[in-house]
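Read the structure below first, then the notes.
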Amino acid sequence: MTPAPAVAVRIGARALTRRYGALVANDAIDLSVAPGTIHSIVGGNGAGKSTLMRILQGVDFPDAGTVVLNDEPVRLSGPADAFARGVGMVHQEFMLAPPLSLLENLILAREPVGAAGLIDWRKAEEEAGNLAALAGAAIDWRLKAADAPIHVRQILEILRLLYRGADVLILDEPTAVLAPAQIVELLKLMGKLRDEGRTILFISHKLDEVMKCSDAITVMRAGRVVARTTASDTNVDALARAMVGDHAPALLIESRERPSGTPLFSARALAARDPLGFERLGPVDLDIRAGEIVGVAAVGGNGQDELVACAAGILAPAAGSIRLGGEDLAGASTARFRAAGVGYVSADRAHEGLCLTASLADNFIAGRERDTAFSRLGFLRPANIRAAAARGLAGLSVRYGSVDDPASSLSGGNQQRLAIARELSRAPRLLVVSQPTRGVDIAGTAFIHNLIADFRDRGGAVLLVSESLDELLALSDRILCLFNGRISGELSRSEAGVETVGRLMLGRRAAA
Amino acid sequence: MIDAFLHAAIVMTTPILLAAIGGLVNRIGGIVNIGLESMMLGGALIAVMVSAQTGSAGLAILAALVTGAVLGLLMSLVITRLSANEIIVGLGFSVATAGLVRFFLKSVYGVSGTYNPAGVAMLPPIDIPALHAAPVLGAIVSGQDALTWLAWALVPATAFALRRTRWGLRLRATGAAEATVRAVGLAPLTIRDASTVFAGALAGLAGAHLSIGVVGLFNEGISGGRGFIALAAFYFGRSSPWRTALGALLFGGFDAAQIRLQGHWIPAELLQALPYAIVIAVLTGLGLADRRAERSGRMG
Amino acid sequence: MMRALRPRVADGLGAAAPFVFALAIGAVVLFAAGFEPLSVYRLMIEEGFGGERRIAATLTASTPLLLTGLAAAIAFRSGVFNVGAEGCFYLGGLTAAVIGFSAPSWPSALVLGAGLGAAALIGGLWLLGPGLLRARLGVDEVVTTLMLNFIAVGITSWLVNGPLLARGSANSATPAIALNATLPRLLPPTTLHLGFAISLALVIAYGVWGRFTVGGFRSRLVGTNPRFARAVGIEPERVLVATMVVSGAVGGLAGAIHALGLVHRFVGGFSPGYGFTGIAIALLARNSALGVIVASILFGALSSAGASIQLFSNVPIEIVQILQGAVMVFATAKLGRLWRRAG
Amino acid sequence: AEKPVALIIAQGGLGDQSYNDLAYSGFKKALAQDKLEGKAVESKDVVAQAADILRRASDAGFGLVVDLEYSHGDPLAAVAKDYPDTDYVILNQVKPGANVASILFQEQEGSYLAGALATLVAKDASIKGMSGKPVIGVIGGTKSVGIDKFIVGYIEGARAVDPNVEVKVAYSNNFGDPALGLQMAKAMFDGGANVVYQVAGGTGLGVIQAAKDAGKFAIGVDTDQDGVAPGAVLTSMIKRTDVAVETVMKDYAGHAFPGGKTVTLGLAQNGVGLSPMSHTKDKIPAATLAKVDDLKTKILSGEIKVWNAVDQGYPPFFK
Ligand SMILES: Nc1ncnc2c1ncn2[C@@H]1O[C@H](COP(=O)(O)OP(=O)(O)OP(=O)(O)O)[C@@H](O)[C@H]1O
Ligand SMILES: Nc1ncnc2c1ncn2[C@@H]1O[C@H](COP(=O)(O)OP(=O)(O)OP(=O)(O)O)[C@@H](O)[C@H]1O
Ligand SMILES: [Mg+2]
Ligand SMILES: [Mg+2]
């Protein structure tokens with residue numbers, strides 16, 4: 001690969017500023033990343049990390065200041081220019097064409113062409129094979145990206161950078177969607193690439209990962225760089241303090257003894273397919289009692305999404321029964337599930353959890369517009385609606401302009417608070433929660449955890465799915481592990497630990 | 001009788017197929033092209049003008065291709081660069097182009113609607129002596145013009161290009177995931193524009209086929225709604241050139257059949273509405289099949 | 001209540017931009033053909049709005065557009081791309097005309113009610129199929145409704161040439177409707193009729209519905225984010241089918257009002273594409289009630305003035321078509337980008 | 001000078017290669033000859049704008065309004081009552097009013113002769129390209145009674161010379177699609193037709209092209225289309241809309257407007273009839289031409305009354 005050039009700063013920024021309207025997303029950022037290092041960027045939601053990375057990759061452009069490459073200030077004309085200079089990025093959102101095969105996704109934009117300008121598939125496969133070997137991953141290259149497991153998609157995006165010959169890899173929250181074992185693999189791969197001389201910019205909210213892999217760490221807050229340090233000079237607590245400023249939140253949820261009595265929610269022989277028609281879940285049996293949080297641990301694509309969708313009444317099961325408080329909900333509409341007392345916090349905040357273009361008030365009462373409080377004779381009662389929303393948001397310490405502003409005006413963490421608050425305000429009996437704190441910063445995470453625990457303490461039942469084992473272990477009274485759509489093990493709070501859960505998630509037996 | 005029917009079916013299919021292949025490629029790139037009709041009309045007019053001026057059918061075809069391509073580019077730029085809704089832009093293009101064509105004919109040639117100059121060089125039919133006498137095949141392949149051959153050659157060529165060339169790959173990626181294509185350093189909007197230019201060029205050729213391949217004159221009604229029929233054909237075809245060709249053939253064949261069936265069973269007005277009903281029926285059938293496949297599931 | 005109709009200044013400017021662009025393009029075409037664009041436009045404004053009779057002619061021309069624009073707006077608002085109002089217009093017009101000439105002895109209110117109601121019913125039923133196909137099987141409604149237009153035109157022209165043809169008529173036309181079935185004129189001798197007031201009222205009612213009712217709230221959520229709507233317990237499929245039916249009913253009603261208020265029978269060439277113009281109007285209006293009203297009146301003026309300016313100048317009628325097409329082309333374009341790019 | 005004249009163009013607009021174009025040419029000729037001012041008005045929305053356009057023209061001081069649009073009959077009668085000083089002309093129907101002139105055409109009479117000639121020629125195998133069998137065709141632009149008036153007359157004329165004649169009938173559903181017209185005519189020729197009559201405007205140009213390609217005959221309509229493809233157009237059924245407009249404008253200029261009257265233009269008035277056949281006359285046996293002339297005389301004398309589908313509805317021999 002490219003020999004480490006004799007420069008001090010392989011990639012960086014000098015007094016770089018980017019504004020979105022009145023908001024200063026990057027405020028005079030200085031950044032210096034030495035060649036052949038892993039440099040982590042940490043910061044709360046909306047700190048400006050992704051914005052900075054997008055500018056370094058030429059996808060976005062600074063209003064002032066410059067990008068620095070090999071000690072020289074440069075003006076990138078676009079992502080193609082960045083690639084040409086050896087800089088590639090894995091975005092926070094997946095950047096894959098779903099209907100294309102993994103191989104097609106890999107070679108896109110740098111296709112090997114043979115005679116008559118046709119794509120040389122043999123050569124493509126050969127290079128793909130080499131890359132997979134380098135990453136130590138077994139990849140079925142003919143699989144459509146849409147059908148590939150999440151961790152494979154994540155790896156593919158990194159391999160694509162290597163395929164394009166990038167020696168600077170910008171990885172924006174690559175671990176957010178991975179299971180613990182996969183995270184370990186990824187960090188190992190990153191170390192290997194660094195040792196080969198590549199430079200890696202790494203973003204994560206999981207500070208222990210950051211501590212484990214980084215050579216250098218830059219902390220951002222509200223668009224500015226607030227600290228520069230190295231892993232050996234700091235610790236998780238210090239980093240967290242730097243990120244959030246003064247008020248570091250307390251993080252302690254009390255566990256509960258397993259409540260007795262008949263289950264509130266009970267599923268029998270439940271099975272479901274994903275939108276492509278593949279069997280993903282089941283058959284599984286599942287009971288949840290009032291006053292209990294049941295956590296579900298699984299590596300992406302092992303049926304947890306389908307379980308959530310079935311429990312929330314979004315997806316009709318392929319087989320099996322669902323009962324809530326004795327009421328049979330087989331084949332019922334989402335509306336009936338909700339009428340029966342199911343609340344749902346979606347993992348997909350932007351498309352399912354909220355309507356980003358609608359106002360805060362409308363988001364807050366959506367689904368309850370027929371309630372007499374909010375409408376009379378089919379006519380809405382706007383004053384009541386806005387008052388209810390203002391009351392609801394007041395208890396969440398959400399900062400907002402007006403309840404008439406669109407939900408998109410809130411930061412990601414605050415959007416999530418709004419979504420959860422709406423569901424809790426309906427006083428459900430069962431709350432189905434998926435990835436409640438994905439991409440939420442430390443303060444927001446603590447707040448949301450408290451909301452969920454409060455609900456449980458008031459006698460609510462909770463089905464919690466999360467990719468974060470820490471979250472599951474912190475909140476759950478009981479943890480189920482799913483593997484290949486079936487329950488591979490069940491652990492009480494006291495039995496559960498990262499090791500045991502991790503093993504069960506991968507379909508191995510729990511240690512005795 | 002059957003020979004004549006088959007021959008006519010192929011002739012009637014050609015303009016629909018050309019436009020539908022263009023529309024298909026355009027759609028794969030992410031734009032549903034409702035303006036094919038206007039590009040056909042432009043191509044048909046220019047073909048007659050150039051053919052009468054120069055006496056060369058080849059030049060006329062080239063001019064029609066360029067005209068369609070330019071109209072396609074203009075339409076595409078409004079859609080891609082100004083983020084306009086493709087449906088309304090396409091409808092607007094059809095309305096405005098029809099008006100412009102009439103306006104142009106009135107102010108330049110002083111004629112309304114029809115332009116029928118002397119000396120229009122027609123596209124010559126290509127006879128294949130060896131096949132001429134062959135029963136069914138002879139009727140299908142012999143005596144068709146170059147654009148018909150081109151249209152059918154484009155079916156496998158398009159299928160092949162979509163799978164096997166880098167342009168095909170990039171086009172498919174652009175239609176499926178614009179942000180991804182941008183992130184890997186390509187220009188999705190330009191790729192999309194190129195696909196509209198391609199669609200426009202083929203629609204221009206379709207117009208030329210009508211005006212100098214079939215009749216040798218221009219009339220403002222010459223496109224006869226075939227742009228919309230092509231739309232139905234490529235919707236029918238989803239993303240497959242072969243299925244799109246089948247759709248085009250269905251309409252072309254129906255056109256050839258209905259002029260032979262008129263007055264026999266049902267009133268002409270209803271007979272002429274039949275292909276539209278068939279499109280709905282076929283889409284319903286496909287929808288049901290999808291639903292059934294989804295119900296029964298796949299092994300994963 | 002007026003809040004629903006109050007325009008925002010920026011929205012207003014945004015909606016005016018396509019017209020400005022279209023006028024500029026029209027000016028180039030006119031100039032190239034040797035006309036004086038400004039005096040042509042002045043003449044058009046005079047013919048569109050100069051005096052009570054011209055205004056009445058413009059409002060008459062805008063009447064069918066108000067309703068086809070409304071039909072489109074209702075659908076688009078819920079995320080359904082219904083392009084089938086044209087077919088409903090034909091069917092509704094024929095239905096109302098038949099009722100209008102068949103019951104000359106009924107009381108006027110009854111026959112008008114029956115004509116308008118039946119037309120709305122037919123229009124609604126006509127689009128029930130595409131609604132169900134989209135909701136149940138995911139069949140693209142753009143294609144099905146487009147195809148249904150051709151079918152509706154085929155069916156009506158068969159009926160009007162055969163069973164419903166007026167004896168002694170030299171073209172495809174039903175008998176004239178009876179006097180009791182005509183919608184009264186508002187401003188004789190102009191052709192402005194009660195249908196305009198009904199249409200205007202319906203568009204205003206739509207504005208109120210969209211902003212102040214539970215149904216409008218649900219339709220907005222389904223239109224902007226169907227997954228969210230489903231997650232909070234609104235069934236997008238139900239809203240979608242209901243929307244399609246209501247949209248079709250409005251399209252049918254538009255045809256009925258056109259038949260009973262203006263043409264007084266059903267004839268071949270009953271609609272010159274009102275359904276498609278309605279699509280442009282709804283998009284231009286960004287589905288707002290006020291926008292639909294303003295755009296309908298502008299398109300109405302274009303149509304009425306386009307015809308009558310020919311009495312006073314030699315400008316070819318095609319300029320109207322060019323202007324209308326150009327407005328459609330730029331209707332949804334983000335024209336601000338031109339400046340940002342240049343600047 | 002006289003007050004100006006307005007001509008309201010019917011649906012289909014100028015460029016229909018037929019009715020509108022023909023009337024417009026008569027209108028222009030009259031303007032020049034009679035030193036009149038005048039304007040033609042087209043509209044995409046002509047059906048709905050009937051009363052508005054008529055009133056606008058009347059208010060604006062036009063002295064004569066010639067309206068080609070059929071659906072304007074009732075509105076025209078109503079408007080005419082309000083403007084006694086303005087003259088109005090309506091075509092193809094009779095409307096009351098002292099200031100309204102009505103013009104009727106007897107297209108069925110000319111079509112009758114066309115049908116008779118077509119059948120006689122088809123049966124004459126000595127004429128180049130004719131099979132000798134009594135098979136002919138006709139293509140209408142749209143299925144409507146106004147078009148069927150031509151077609152019924154054509155069939156009646158064909159049956160008059162051979163009761164066993166086969167007349168193929170089809171409609172293109174489009175007045176401007178010559179490619180479709182060509183394919184339709186081709187299908188008829190392939191099916192044994194020797195002569196195809198077109199009543200389909202621009203679509204009909206394709207019919208003529210097909211006749212030329214097939215070495216058969218087409219029959220033109222409205223104008224003398226014999227020259228469009230010399231030798232391939234057997235004859236044209238000329239309808240003198242241009243003369244009608246021209247005449248009524250001349251009367252208006254000469255203060256002799258036929259208000260309250262109905263002007264009928266049939267064979268007798270030379271308002272309809274066959275073209276002089278300057279390119280084909282030599283190929284047709286004199287006896288055949290004489291036979292057609294004989295039929296014409298009989299129509300003129302009233303001995304033959306040709307079926308008028310508009311007034312009489314459809315005859316038993318046509319569905
Ligand atoms: N395209 C945009 N338009 C307007 N504002 C934007 C845009 N992109 C980002 N922002 C705003 O800029 C700020 C910084 O966003 P950015 O995505 O860089 O944060 P981040 O540090 O990556 O946060 P997270 O951890 O949630 O991913 C946020 O307030 C965000 O809302
Ligand atoms: N879940 C739903 N999704 C979509 N539309 C609905 C839904 N429920 C009702 N509607 C529509 O709202 C209108 C009023 O219906 P209805 O009174 O049954 O609503 P509802 O929510 O069941 O009322 P309530 O809560 O008072 O029982 C109808 O047009 C109906 O189609
Ligand atoms: Mg980010
Ligand atoms: Mg994040």
Side-chain angles (χ1 to χ4, degrees), chain C residues 47 51 53-54 56-58 60-61 63-64 153-154 157-158 160-162 165-173 176 185 188-192 258 261-274 277 300 302-314 316-318 320-321 324, chain D residues 4 6-14 38-53 55-57 59-62 65 69-71 73-75 78-79 81-83 91-94 104-105 107 142-149 171 173 308-314 319:
Chain C
E47 287 301 306
R53 291 197 173 187
R54 294 317 301 156
T58 289
T60 305
T63 301
V153 171
S157 69
W158 166 60
V160 77
N161 280 319
L165 179 67
R167 189 70 188 270
S169 168
N171 81 338
S172 321
R185 294 262 160 95
T190 74
T191 47
L192 189 63
H258 197 57
L262 191 60
V263 182
H264 296 159
R265 50 159 45 107
F266 182 88
V267 296
F270 184 65
S271 161
Y274 294 131
T277 309
L302 210 51
S303 169
S304 70
S308 68
I309 58 167
Q310 296 171 86
L311 292 167
F312 312 104
S313 77
N314 292 318
I317 177 73
E318 286 72 38
V320 170
Q321 223 179 328
Q324 192 176 327
Chain D
L7 176 73
I8 299 173
I9 307 292
Q11 281 184 63
L14 291 175
K39 297 282 193 232
V41 177
E42 278 186 277
S43 170
K44 283 269 165 214
D45 201 1
V46 66
V47 172
Q49 292 176 330
D52 282 325
I53 297 177
R55 280 187 195 277
R56 184 72 190 118
D59 284 335
F62 282 75
V65 181
E69 168 60 32
Y70 185 83
S71 68
D74 292 338
V79 170
K81 257 190 257 162
D82 293 349
Y83 297 90
L91 280 80
N92 297 318
Q93 59 196 307
V94 177
L104 290 181
F105 288 97
E107 299 98 335
T142 175
K143 176 84 177 86
S144 79
V145 64
I147 295 296
D148 284 338
K149 187 181 183 189
Y171 302 90
N173 205 18
N308 183 336
V310 170
D311 296 343
Q312 299 172 272
Y314 286 104
K319 269 184 269 177

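In what follows, every chain begins at residue 1, and chains take the letters A, B, ... in the order their sequences are listed. Values reported hereafter were calculated over all heavy atoms of this structure, with side chains retained and with hydrogens, waters and symmetry mates removed. Only a predicted model underlies this, so the values are computations on that prediction, with no experimental measurement involved.
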When you check the side-chain N and O atoms of D:Tyr171 and C:Asn161, is any donor under 3.5 Å from an acceptor? no

For a quick check under 3.5 Å, do C:Asn314 and D:Lys39 share a side-chain donor-acceptor pair by atom type? yes

Greater than 12 external heavy atoms within 6.0 Å of D:Lys44's NZ: no

With respect to chain D, which residue among [options] yields the maximal number of heavy-atom pairs within a distance under 4.5 Å?
options: C:Ser303, C:Ala173, C:Gly306, C:Pro316; result: C:Ser303
options: C:Leu262, C:Val320, C:Thr191; result: C:Thr191
options: C:Gly154, C:Pro189, C:Ala176, C:Ala61; result: C:Pro189

Using non-hydrogen atoms and a 4.5 Å limit, figure out which bit of [X] sits close to chain D: side chain, backbone, both or neither.
X: C:Ala166; result: neither
X: C:His264; result: neither
X: C:Ala57; result: both
X: C:Ser313; result: backbone
X: C:Leu311; result: both
X: C:Phe312; result: both

Measure distances from [X] to the heavy atoms of chain C and classify the residue's part below 4.5 Å as side chain, backbone, both or neither.
X: D:Asp74; answer: side chain
X: D:Ala78; answer: neither
X: D:Asn173; answer: neither
X: D:Glu42; answer: both
X: D:Ala48; answer: both

Ignoring hydrogens and angles, tell me if any N or O in the side chain of D:Gln312 forms a donor-acceptor pair with the backbone of D:Ala309 under 3.5 Å. no

Ignoring hydrogens and geometry, is there a side-chain-to-backbone donor-acceptor pair from D:Arg56 to C:Ser308 under 3.5 Å? no

Output the option from D:Ile8, D:Asp59, D:Leu14, D:Val46 having the highest count of non-hydrogen pairs under 4.5 Å with chain C. D:Asp59

Between C:Ser304 and D:Gln49, does the side chain to side chain donor-acceptor pair (under 3.5 Å) criterion hold? Intermediate values first, please. CA-CA 8 Å; C:Ser304 70; D:Gln49 292 176 330; 5.7 Å; no

Between D:Val41 and D:Leu7, is any pair of side-chain heavy atoms under 4.5 Å apart? no

Taking the side chain as C-beta and beyond, is there a heavy-atom pair between C:Thr190 and C:Thr60 under 4.5 Å? no

Rounded to the nearest 0.5 Å, what separation is found between the OG atom of D:Ser144 and the OH atom of D:Tyr70? 10.5 Å

Presence of salt bridge, D:Arg55 and D:Asp82, under 4.0 angstrom: yes

